[in-house]
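Every heavy atom of this structure was used, including side-chain atoms; hydrogens, water molecules and symmetry mates were not.
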Amino acid sequence: MSGHGKPEDEEAKPAFFDSLARLFHPQEEAAPEREAAEPAFDSLVTSFDSALDGLEQRIEEIRSDSRSARRASAARRTTAEDRAKADQQRMERAHRAMLEDIEKMHARLATELAGTNLAELASYLQALHEEVADGKGSHHLLPRMRYAIVDRVVEEVGELAIARLFDRIEREEIRWPDPTCYPPSATPDEIERSGRRRLGEVREDFLAQDLERTAERAVGVVRGWKSDYPDRGSALWEDCVLQGVAAGIRGQLIRQATELLVRDRESILEQARASIGSELDALHAALESGVNSLEQAHRAVSSSLGVLDQVVPEIAWNHAQKHLPDLGAAPDPPPGRTDRQ
């Protein structure tokens, strides 16, 4: 101890350590000689605490922003999902309504499909499409021949189907719906000519439909419309209904013809064998004589593929017509009519 009566270590202890002790023992009274050092340290403590408070506040703000961003992102996802779900539901309602109206029109026109399952027919056509589609452009005999035969059937019965629809709506005195908005100055002759042009466009568009589109249209599905179908009962809606009836008639004729051709495939192949054999001989002759130019090769291949694309489908179609009375000549189309009565 020193002569002043204080422990040496206590005399030597800096004011900082005393202030540090006050962090844990704030109730202790500071010694008078140390009070001068405390204001500076108190300022440091205040600044330190303030900085910590600021950082904690910023952390909470960041967390809050993050939570808000997640909520907003979830809300956007939910909104997009809700919109997609609403679009899907609206489209399904339109499909159901369109199919219902197509079925009613089949009944009104007394077609052979009145009361039948159009969805089942559409499934048959879709399956047939998937079965033959890979034969398009193929250089393999059987796939190409299958595609060419079915494509010929689809084309031929399309003419029959649209002509039969025109005939039935004429007999029922139904005018073809026309969505055109004519000006007040339009004369009856102009409207009639416009209606005839539209019927021609309807016919051409219908004949261009392949198996897949025929399957869809038979049940009222118009792929390009998605969920944006026109109002039920509008001219565009009724136009689609009638085209759906025609697609159903076409689909039924396709099914009848293809089922017959599958049943009688041996007879058809026997009739086609001579033509295919002669082309095969020509191919072998070309190979044996040596093909020295692209022109020669293309000519030999084109000749052989032409048999598959034209001769065999002709044999098949003639066979179908011979054995199916429904594939007889189409009735003459009615004069152009433009709107529903």
Say whether Thr187 and Asp189, considering side chains only, have a donor N or O and an acceptor N or O under 3.5 Å apart.
no
How long is the span from the NE2 atom in His129 to the CG atom in Asp210, to the nearest 0.5 Å?
6.5 Å
In plain terms, say whether Arg168 and Glu172 are close enough for a salt bridge, that is, a side-chain N and a carboxylate O under 4.0 Å apart.
no
Kindly indicate whether the side chain of Arg223, heavy atoms from C-beta on, has any atom under 4.5 Å from the side chain of Arg213.
yes
Quick one: does any side-chain atom of Tyr229 pair with a main-chain N or O of Arg93 as donor and acceptor, under 3.5 Å?
no
Straight-line distance of Leu165 CG to Leu160 CG, nearest 0.5 Å:
12.5 Å
Is there a side-chain contact between Ile102 and His106, using heavy atoms and a 4.5 Å cut-off?
yes
Considering only heavy atoms from C-beta outward, does the side chain of Thr116 approach that of Leu121 to under 4.5 Å?
no
Does the distance from a Lys or Arg side-chain N to an Asp or Glu carboxylate O, for Glu100 and Lys104, drop under 4.0 Å?
yes
Taking all heavy atoms of Leu260 and all of Ala320, pick out the closest pair and write down the distance.
CD2-CA, 3.5 Å
Start with the C-alpha gap between Met105 and Ile174, add the side-chain angles, then the distance that decides, and say whether side-chain contact (heavy atoms from CB on, under 4.5 Å) holds.
CA-CA 11 Å; Met105 186 58 69; Ile174 297 174; 4.2 Å; yes
If the threshold is 4.0 Å, N to carboxylate O, is there a salt bridge linking Asp167 and Arg171?
yes
Applying a strict under-4.5 Å side-chain criterion to I, L, V, M, F, W and Y, I'd like to know whether Val219 and Met91 cluster together.
no
Stepwise side-chain contact (heavy atoms from CB on, under 4.5 Å) test for Val245 and Ile169:
CA-CA 11 Å; Val245 172; Ile169 65 174; over 6 Å; no
Ala215 and Leu125: which non-hydrogen atoms are nearest, and at how many Å?
CB-CB, 3.7 Å
When every non-hydrogen atom of Ile315 is compared with those of Ala272, the smallest separation belongs to CD1-CA, 3.8 Å
Under a 4.5 Å cut-off applied to non-hydrogen side-chain atoms, are Val202 and Leu242 in contact?
no
Are the side chains of Leu109 and Arg164 in contact, using a 4.5 Å heavy-atom criterion?
no
Closest non-hydrogen atom pair between Leu118 and Ala218, with its separation
CD1-O, 3.8 Å
Between the side chains of Asp87 and Arg90, is the shortest nitrogen-to-carboxylate-oxygen separation below 4.0 Å, so that they form an ion pair?
yes
For the pair Glu130 and Gln126, evaluate side-chain hydrogen bond (donor to acceptor under 3.5 Å, both in side chains) and give the outcome as yes or no after the intermediate values.
CA-CA 6 Å; Glu130 293 169 2; Gln126 183 63 39; 3.2 Å; yes
Using a distance-only test with no angle check, is there a side-chain donor-acceptor pair under 3.5 angstrom linking Gln88 and Glu92?
yes
Do Asp205 and Gln243 come within less than 4.5 Å of each other through their side chains, counting heavy atoms only?
yes
Distance-only, no hydrogens or angles: does the Ser123 side chain make a donor-acceptor pair with backbone N or O of Ala119 under 3.5 Å?
yes
Side-chain donor-acceptor pair present, Tyr147, Ser138, cut-off under 3.5 Å:
no
Set out, in order, the CA-CA distance, both residues' side-chain angles and the distance that settles side-chain contact (heavy atoms from CB on, under 4.5 Å) for Thr180 and Arg197, then state yes or no.
CA-CA 12 Å; Thr180 306; Arg197 283 195 300 271; over 6 Å; no
Heavy-atom side-chain proximity of Leu207 to Glu155 below 4.5 angstrom
no
Here the pair of heavy atoms bringing Cys240 nearest to Arg217 is SG-NH2, 3.8 Å
Decide yes or no on side-chain contact (heavy atoms from CB on, under 4.5 Å) for Glu266 and Glu270, but give the supporting numbers first.
CA-CA 6 Å; Glu266 292 301 327; Glu270 183 62 33; over 6 Å; no
Is there side-chain contact between Asp239 and Arg198, with heavy atoms separated by less than 4.5 Å?
yes
Any donor-acceptor N or O pair under 3.5 Å, side chains His319, Asp264
yes
Closest heavy-atom pair, Pro177 versus Ala235, reported as atoms and distance to 0.1 Å, is CB-O, 3.4 Å
Is the NZ or CZ atom of Arg250 positioned over Phe206's six-membered ring, under 6.0 angstrom from the centre and within 45° of the axis?
yes
